[in-house]
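A short write-up of the structure that comes next.
Note that the coordinates shown come from a computational prediction; the quantities given were computed from them, not determined experimentally. By convention in this document, chain letters (A, B, ...) are assigned in the order of the sequence lines, proteins followed by strands, and residues within each chain are numbered from 1.
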2 protein chains.
Amino acid sequence: MERKRISESTIHRLSLYLRTLAELDADGQATVSSKELADREKLTPAQVRKDLSFFGSFGTRGLGYPVIELKDKIARILGVNRTWNVAVIGVGNIGSALVSYKEFARQGFRIVKIFDNDQRKIGSNHKGIQVSDFKDFADEAPEAGVEIAIIAVPGPIAQYVVDDVVRAGIKAILNFAPVNLRVPADVYLRNENMSMELEYLSFAMVNNHVQKKTRRTV
Amino acid sequence: MERKRISESTIHRLSLYLRTLAELDADGQATVSSKELADREKLTPAQVRKDLSFFGSFGTRGLGYPVIELKDKIARILGVNRTWNVAVIGVGNIGSALVSYKEFARQGFRIVKIFDNDQRKIGSNHKGIQVSDFKDFADEAPEAGVEIAIIAVPGPIAQYVVDDVVRAGIKAILNFAPVNLRVPADVYLRNENMSMELEYLSFAMVNNHVQKKTRRTV
DNA sequence: TAACCTATGTGACGGGTTTCACATGACTCG
DNA sequence: CGAGTCATGTGAAACCCGTCACATAGGTTA
Ligand SMILES: NC(=O)c1ccc[n+]([C@@H]2O[C@H](COP(=O)([O-])OP(=O)(O)OC[C@H]3O[C@@H](n4cnc5c(N)ncnc54)[C@H](O)[C@@H]3O)[C@@H](O)[C@H]2O)c1
Ligand SMILES: NC(=O)c1ccc[n+]([C@@H]2O[C@H](COP(=O)([O-])OP(=O)(O)OC[C@H]3O[C@@H](n4cnc5c(N)ncnc54)[C@H](O)[C@@H]3O)[C@@H](O)[C@H]2O)c1
């Protein structure tokens, strides 16, 4: 199934294409050229074509790509032509926001469990989901078919939480805590770091930094 | 002031170094080697040294880098050796979470204004800040010295909001809406895209993708 | 003060990713 | 049905970024 090593940048751009294709589809547009796709994402047409070419030939020469078909292809490549069960751990400021975000479900990520260790929160209802005690994670997460864990607990606690999550057999983790988490090699870990983007803005302003190609952004 | 074109990756890594240096400083460690820094960030020592070398020679051969000094240097490079005034626009789920996040202030980003257009929210108090009517942005933001705007409004509205923000003279924007915003060339725009990271996890799982070097990730 | 040790700083190298350029193939129109 | 148009798909080139390897310099010790 794997032909070449696909770069992280390419995968990120596929996410962008997917979003734009969904918009084009909603607008009723039937086909799209690499140029149009590129313009929307501030990329080059060649980049778009090269990215897609890693996975096959989806277009028609002289015409472009069929919007719906390409959207489905990319969804399949990214693995979002299905639903992933997600658990949110820590239902504080950011955890609550994530739980309330209906868009995730539409994109294939369904939050099925919420965990916390605060007695005042355990048992309470968030968007129709009862908050569970994190102590019971190892029992309840597998039972609910959780495949992805989102870590939204305070930084100093995150490593302990992650250790438990890994022990429960979870292989994919999205971390919001501003710490470097250690996980085994077979566990996928991604970090969401808002300070990094703010600091990038700061750097750009201080240095009158020239904006180049927008890479792994948006 | 600018010697070379500095890559986005390098800037992102500086953010990582800064965070780790703050930890080391808190632990009372006086010096740190490129190797130790690299181990903590899952990078190579050469990468660390190269990144720093773009900006000068901060270390001592045979010894390493002085933690406090290097921290200050990087803070200065990133422009966070000062405070930036930030406005949050849209105090819904994610906006509220950001406003409640005290860590930003510690990192040099002080939220001084909150805007919304919901009458029920305007005038209410969030963490000591009165929510303003977004209609008054052009007046109130410059008055409060706002330099960075965080967009946390629904996607379909984001472009209109951003147009107003740009018109008010703001040059740096962090966008949470899942849309591609158009801004003039002299405005710095960064996007925060959580779906992208979830989709990356999804792709990795579906393809048993081998985890390589953690690049522009936390 | 001299010898040794250690980790920096950096030119050279190599690999990977993006851009270029064009041959190719599909559709359209006359 | 044939000529023309257009945008794809892809090798090759260019470029960028990370890694390597080592000369170098500061610290330390005797
Ligand atoms: N709020 C933001 O905008 C923001 C931005 C960037 C990063 N973050 C990071 O996200 C994380 C959460 O931030 P927040 O503002 O939501 O904090 P918060 O304090 O509001 O929420 C943390 C939640 O985690 C729960 N918790 C604590 N220990 C736990 C445990 N052992 N098991 C399960 N749950 C536990 C707490 O009860 C609380 O509900 C932090 O690491 C923070 O640095 C937050
Ligand atoms: N909640 C999340 O976890 C999450 C995750 C990723 C992305 N996002 C994105 O962040 C944005 C906000 O999401 P949310 O969940 O906080 O939505 P929300 O509906 O809770 O909040 C949006 C806020 O914007 C305000 N608003 C609407 N129009 C406005 C205008 N013209 N001027 C000023 N304020 C206006 C609304 O009154 C509301 O308070 C959306 O674009 C969403 O897609 C949210």
>> Could you walk me through whether Glu8(B) and Arg190(B) satisfy the salt bridge (Lys or Arg N to Asp or Glu O under 4.0 Å) test, starting with their C-alpha distance in whole Å, then the side-chain angles of each, then the deciding distance to 0.1 Å, before giving a yes or no?
In response: CA-CA 12 Å; Glu8(B) 176 171 326; Arg190(B) 303 293 298 181; 3.1 Å; yes

Where the side chain of [X] is concerned, which of [options] is the nearest nucleotide?
{"X": "Lys50(B)", "options": "dA7(D), dG27(D), dT10(C)", "answer": "dT10(C)"}
{"X": "Ala46(A)", "options": "dT19(D), dC20(C), dC27(C)", "answer": "dC20(C)"}
{"X": "Ser33(A)", "options": "dT8(C), dT8(D), dG18(D)", "answer": "dT8(D)"}
{"X": "Ser34(B)", "options": "dT8(C), dG18(D), dG9(D)", "answer": "dT8(C)"}
{"X": "Arg49(B)", "options": "dT17(C), dT10(D), dA21(D)", "answer": "dA21(D)"}
{"X": "Thr60(B)", "options": "dG9(D), dG26(D), dT10(C)", "answer": "dG26(D)"}
{"X": "Gln47(B)", "options": "dT19(C), dT10(C), dT19(D)", "answer": "dT19(D)"}

>> Going by side chain to side chain contact (heavy atoms under 4.5 Å, CB included), Leu24(B) matches just one of Leu70(B), Val67(B), Ile68(B). Which one?
In response: Val67(B)

Write down the distance between [atom1] ([X]) and [atom2] ([N]), rounded to a whole number of angstrom.
{"X": "Phe58(B)", "N": "dA25(D)", "atom1": "CZ", "atom2": "C1'", "answer": "18 Å"}
{"X": "Lys35(A)", "N": "dG9(D)", "atom1": "NZ", "atom2": "P", "answer": "17 Å"}
{"X": "Asp51(A)", "N": "dG9(D)", "atom1": "CG", "atom2": "C1'", "answer": "13 Å"}
{"X": "Arg5(A)", "N": "dG15(C)", "atom1": "CZ", "atom2": "C1'", "answer": "14 Å"}

> Asn193(A) versus Ser15(B): any side-chain heavy-atom pair under 4.5 Å?
Replying inline: no

>> Less than 6.0 angstrom separating the ring centers of Phe58(B) and Tyr65(B), yes or no?
In response: no

> Under 4.0 angstrom, heavy atoms only, what part of the nucleic acid is Thr10(B) near: base, sugar-phosphate, or nothing?
Replying inline: nothing

>> At less than 3.5 Å, do the side-chain atoms of Arg61(B) and the base atoms of dT6(C) form a donor-acceptor pair?
In response: no

> If only side-chain N and O atoms of Tyr65(B) are considered, is one of them under 4.0 Å from the OP1 or OP2 phosphate oxygen of dG26(D)?
Replying inline: no

> Which heavy atom of Asn207(A) sits nearest a heavy atom of Ile77(B), and at what distance?
Replying inline: ND2-O, 3.5 Å

